[in-house]
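Here's the structure we're looking at; comments come further down.
Worth knowing before you read on, the calculation uses all heavy atoms, side chains too, and leaves out hydrogens, waters and symmetry mates. The chains referred to below are lettered A, B, ... by the order of the sequence lines, with proteins before strands, and numbering in each begins at 1.
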Amino acid sequence: MKTTTKEIKHLSSLLMGLVLSLTILNAMFVGKNTDFEELALNQETVSVYPGHDGITIHCKGASDSAQCISGFKQSKLSHAALWLGNSQLHAVNQYVTGQKTASYILHGKLRSSDTYLTTFSQPNSSLSEQFILYEYLSSQANFDYLILPLVFDDLREAELRQDIISALSLIPQTSLLFNTKLGRALIDRYSPATDQTEVTQTNLLLRDKSEEALNHWLSNNTSIWNTRSEARGSIMTFLYRLRNTAFGITASTKRPMIKTRYEQNITALKEILSSAEQKGTKVIMYIAPIRNDVPLPYIESEYLTFKNQMSNISTLYSNVLYVTFEDIITASLWGQKDSTVVGGKKEIDFMHFQAAGHMILAEQLFSVIKSTH
Amino acid sequence: MLFNSVTYLLFLFVIVTLYWTLPRTPRLYLVFLSSITFYGFWKFTFVPVMLASVICDYFIAKRIYSEKQKLAKKYWLIISLIFNLGLLFYFKYLIFFTDSAFGLANMIGLQADPFILNIILPIGISFYTFQTISYTVDVYRGFIKPENNFILFASYVTFFPQLVAGPILRAVEVIPQLDKRPTFKLSSFENGIRRIIFGLFLKVVLADNLAPLVDSGFSTSVDNLSAVDVWTLAFLFGFQIYFDFCAYSHIALGSARLMGIQFPENFNYPYLATSPREFWKRWHISLSSWIRDYLYLPLVGEKVQDRSVGGLANVTQQKEKSKNIALFSTWAIMGLWHGANWTFMIWGLYHAICIYIYRILAPVAHHWSKKTKHVCGWMITLPTMMLGWIPFRCESLNDTFQMYLLILQPGAYTWLGMRENVYLVTALVLLLFISYYFISRYLKHFVQNKPIARIVGDTVLYTIAISFTVVFLRPINQFIYFQF
């Protein structure tokens with residue numbers, strides 16, 4: 001009898017744990033739908049992906065690229081321009097309804113020059129990702145211009161997001177991607193393995209089919225299963241904030257360059273420029289605007305080396321025009337972002353500016369492109 | 001079927017329910033057929049390969065037992081070994097040895113075009129092959145009698161909780177348990193569920209979240225890594241593979257426990273080992289003891305007396321030379337067992353060297369106090385064992401040697417090549433691992449006579465583990481040891 005009581009006590013812990021965990025998950029995450037890719041923008045900044053005459057001209061990535069590409073193909077303009085970049089292109093600080101992004105303004109201006117501009121931007125987009133995206137997009141359309149912002153902060157990124165990984169398998173074998181060391185390394189790393197081990201034989205196995213069916217059923221019939229990605233994102237965000245709080249990391253904290261990632265991205269840049277040169281595409285490469293009335297969140301010497309290196313690289317290619325836009329947006333046109341630490345104050349946003357800043361960027365770019373005609 | 005999937009959890013629920021409702025014979029059929037189904041969820045075409053191994057050893061073991069002459073017994077044993085190792089060689093090593101032979105031919109100037117072999121490695125072949133070999137050898141040695149009931153024997157070899165990644169079980173450990181109807185015990189059942197939840201937590205929350213950091217680090221060109229990065233990656237992969245494999249073992253043990261069957265433990269805090277020898281008594285214990293009993297001791301010429309204690313034991317009264325030859329041969333084979341690549345061979349030899357050095361140096365510390373020996377031993381053993389994972393994870397010999405060379409260069413310690421988070425996560429995992437061991441020991445003692453505290457503590461642990469497991473449960477990565 002004593003043993004039975006003990007056993008029941010153990011089992012009661014298990015059952016209470018089960019009930020508690022499901023209750024907590026339900027209370028914390030059900031009904032929420034956070035876009036974690038855009039989380040860094042916070043409440044101060046809004047993402048805007050504009051269209052022109054009902055046609056999308058600014059896309060998020062490979063997954064929605066068909067809309068942008070078909071828009072260009074349907075237009076009767078003679079030239080095409082492609083603008084790749086990070087959230088600076090689609091985020092407007094202190095946004096007021098009706099305000100326009102640089103991509104929209106530049107699209108309108110270039111139309112008058114018989115050029116159709118399509119923009120693709122993803123948060124923290126690295127040059128490695130842009131290399132793949134460029135190869136993917138240029139396999140579907142010929143671009144006369146490629147506009148490429150250079151953001152020092154994004155050279156700390158080296159991973160590929162799912163959208164870009166999906167594009168890898170859609171790029172034709174004739175692409176430069178397959179003939180470069182970096183391209184092959186990225187394909188090897190992110191494509192499904194192709195050797196003879198059983199690890200590779202996972203596609204469309206019975207276990208995959210059953211798992212898909214069960215997950216589908218659980219998603220449709222339980223509220224918790226559907227919110228698991230929300231919970232995962234929230235946990236990761238909490239850990240990120242916890243780390244920032246523990247180490248006192250804010251938006252203004254100086255980020256050192258990461259050698260391996262930096263060099264991978266520089267290689268990617270060179271591949272983009274080579275590929276564009278082969279395709280006869282003119283490249284406008286610019287140092288992205290940054291708020292500079294306060295100390296930069298970079299180590300100055302590294303940032304200076306980066307700019308010099310960009311300038312030097314541009315001279316290696318006949319099709320590249322290099323400009324620096326780092327100072328074009330005045331301090332008053334920048335804004336703040338929510339704190340990246342737990343319970344902290346608002347912090348300086350070094351990346352996203354207000355609508356007036358978008359206007360300035362579009363005008364500057366337009367005059368540069370015009371000068372290349 | 002993957003343990004870290006909803007499919008498996010549903011499958012287990014159905015099988016366990018049926019298991020406890022059926023009488024002996026139908027229950028055995030249920031175990032056998034469910035194991036075949038479990039395997040078939042990967043590929044049904046490879047079920048016959050596994051069954052061939054089962055049938056072969058079922059009949060050969062009986063034949064060995066019935067033969068009167070020692071020589072005839074030996075012939076039958078050799079046939080069994082040729083068959084089992086032949087299967088393993090064909091599926092696992094043919095491509096490797098063919099490629100190596102062509103590589104060597106080209107290196108010495110003979111122009112040879114390699115032909116392409118497309119052989120799929122049947123999942124779990126290394127495990128069930130070792131299991132059938134141990135059965136036949138044990139019958140040959142006279143340790144056990146052959147099993148007459150084919151379904152019982154087949155259930156032992158194919159028993160789904162241990163089928164694809166161990167623990168490697170001896171017949172004597174499992175067949176008697178499968179044969180008798182176990183008594184249902186609520187405590188055993190609760191323990192099984194506890195282990196499954198804990199295993200899933202280790203796999204989907206820890207191992208799978210470390211995997212992207214490890215993959216990213218090891219796919220970086222070695223030229224872009226610093227010595228600190230190499231150390232970090234060694235530790236990080238060391239923890240990833242530990243969480244991953246330990247998770248598999250927990251789920252395997254837990255699943256068997258739900259059916260009233262007890263497997264021996266496969267892990268015992270290996271990273272707290274104070275010597276390389278002790279490490280192998282704590283890591284993948286069933287493989288270490290298998291290697292010792294069926295390979296190392298026969299090579300040394302020592303008679304096998306005990307079983308499943310674990311670790312490559314330091315045998316006594318043998319000639320140093322034969323001991324060393326056996327040590328290095330055993331480890332080279334142990335390395336190749338893990339994978340058909342020279343990097344695994346290097347991994348094996350690395351451990352052989354570690355144990356060899358330990359044998360030489362151990363007497364030096366003989367007069368040290370126990371505490372000093374433990375602390376110093378742990379501080380040397382942990383990084384040494386972690387560095388051993390480099391060839392295990394590297395894609396090529398070139399990368400392996402380059403990484404080892406890096407850690408010997410003082411100048412390579414002056415910069416960092418990876419994201420700050422990687423170092424932070426590694427340090428945190430190491431800290432948590434050690435803290436968990438000591439805190440859980442303390443808490444176990446603390447709650448011993450406090451039932452309320454125990455219930456509260458268990459409830460909190462279950463709540464955390466279940467919440468995180470539900471959130472992270474996705475079969476995105478299969479278990480690392482599935483490839484062996």
Side-chain angles (χ1 to χ4, degrees), chain A residues 3-4 6-22 24-25 29 156-159 181 185 188-189 195-202 205-208 210-211 213-215 217-218 224-225 227-229 231-232 235-236 240 243 247 249 255-256 258-261 263-264, chain B residues 1-2 5-7 10 40-44 95 117-123 185-187 189-191 193-194 197 212 215-216 219-221 224-226 229 415-421 424 451 454-455 457-468 470-475 478 482-483:
Chain A
T3 313
T4 312
K6 199 177 165 187
E7 285 171 349
I8 289 168
K9 275 179 187 168
H10 283 181
L11 206 60
S12 65
S13 298
L14 171 64
L15 292 173
M16 283 194 290
L18 181 67
V19 171
L20 270 175
S21 60
L22 294 181
I24 290 168
L25 290 176
F29 304 113
R156 285 167 52 89
E157 308 293 335
E159 303 298 324
K181 196 179 165 191
D188 286 348
R189 188 168 158 211
D195 61 23
Q196 292 97 350
T197 66
E198 80 284 0
V199 181
T200 67
Q201 304 301 319
T202 53
L205 298 173
L206 189 52
R207 71 181 182 201
D208 300 324
S210 68
E211 193 62 14
L214 284 169
N215 272 295
W217 186 89
L218 284 167
I224 286 174
W225 209 253
T227 59
R228 294 186 323 138
S229 61
R232 280 195 293 271
I235 290 166
M236 290 305 175
Y240 162 77
R243 180 206 65 172
F247 292 94
I249 299 169
R255 302 149 169 75
I258 303 168
K259 190 184 161 199
T260 47
R261 290 170 172 240
E263 283 174 3
Q264 179 184 313
Chain B
M1 209 178 283
L2 295 169
S5 66
V6 184
T7 312
L10 181 66
F41 262 69
W42 171 64
K43 263 182 181 288
F44 258 110
I95 295 175
L117 291 166
N118 188 16
I119 301 171
I120 296 169
L121 178 65
I123 204 163
K185 282 185 189 164
L186 203 58
S187 60
F189 199 76
E190 190 264 345
N191 187 277
I193 294 175
R194 180 194 287 257
I197 292 170
D215 293 346
S216 170
S219 64
T220 305
S221 165
N224 291 327
L225 293 175
S226 71
D229 298 337
W415 55 279
L416 303 174
M418 299 187 295
R419 265 202 114 110
E420 299 83 349
N421 280 356
L424 182 64
R454 183 172 181 144
I455 289 176
D458 280 352
T459 306
V460 170
L461 283 179
Y462 274 129
T463 306
I464 294 169
I466 294 171
S467 303
F468 277 86
V470 167
V471 168
F472 285 93
L473 182 68
R474 291 172 298 168
Q478 63 177 18
F482 274 27
Q483 62 193 291

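- Heavy-atom distances place the side chain of B:F468, and not its backbone, under 4.5 Å from chain A.
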Practice task
Would you check, one step at a time, whether the test side-chain contact (heavy atoms from CB on, under 4.5 Å) holds for A:R243 with B:E420?
Solution key: CA-CA 11 Å; A:R243 180 206 65 172; B:E420 299 83 349; 5.7 Å; no
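- Heavy atoms closer than 4.5 Å to chain A are found in the side chain of B:I193, but not in its backbone.
- Only the side chain of A:F247 comes within less than 4.5 Å of a heavy atom in chain B; its backbone stays farther off.
- Other residues, nucleotides and ligands place more than 12 heavy atoms under 6.0 Å from the CZ atom of B:F41.
- Taking the side chain as every heavy atom from C-beta outward, B:S216 and A:R261 approach each other to under 4.5 Å.
- Between B:R419 and A:E159, every side-chain heavy-atom pair lies at or beyond the 4.5 Å cut-off.
- Both the backbone and the side chain of A:L20 come within contact range of chain B, each with at least one heavy atom under 4.5 Å from a heavy atom of that chain.
- Of the atoms belonging to B:I464, not a single heavy atom falls under 4.5 Å from chain A.
- Contact of A:L15 with chain B is not made at all, since no heavy-atom distance falls under 4.5 Å.
- In this structure, chain B has a heavy atom under 4.5 Å from the side chain of A:L214, while its backbone stays farther away.
- Neither the backbone nor the side chain of B:D229 has a heavy atom closer than 4.5 Å to any heavy atom of chain A.
- Looking at A:E263, the atoms closer than 4.5 Å to chain B (heavy atoms on both sides) all sit in the side chain, from C-beta outward.
- Per-residue counts of heavy-atom pairs under 4.5 Å with chain B were compared for A:I258, A:L25, A:L14; the largest is that of A:L14.
- Under 3.5 Å, the side chains of A:T260 and B:T220 contain no donor-acceptor pair of N or O atoms.
- Listed for the B:N191 side chain is no donor-acceptor partner under 3.5 Å among the backbone atoms of B:S187.
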Problem - Test log, rule side-chain contact (heavy atoms from CB on, under 4.5 Å), inputs A:W225 and B:V6 - result: CA-CA 11 Å; A:W225 209 253; B:V6 184; 3.5 Å; yes
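- Neither the backbone nor the side chain of A:Q264 has a heavy atom closer than 4.5 Å to any heavy atom of chain B.
- Here the CD-CG distance, from A:E211 to B:L10, works out to 10.0 Å after rounding to the nearest 0.5 Å.
- The residue among B:L424, B:I197, B:L461, B:V460 with the most heavy atom pairs within less than 4.5 Å of chain A is B:L424.
- When each of B:E190, B:M418, B:R454, B:R194 is scored by its heavy-atom pairs under 4.5 Å with chain A, the top score falls to B:E190.
- If you measure heavy-atom distances from A:I24 to chain B, the contacts under 4.5 Å come from the side chain alone.
- At least one donor-acceptor pair closer than 3.5 Å links the side chain of A:R228 to the backbone N or O of B:L473.
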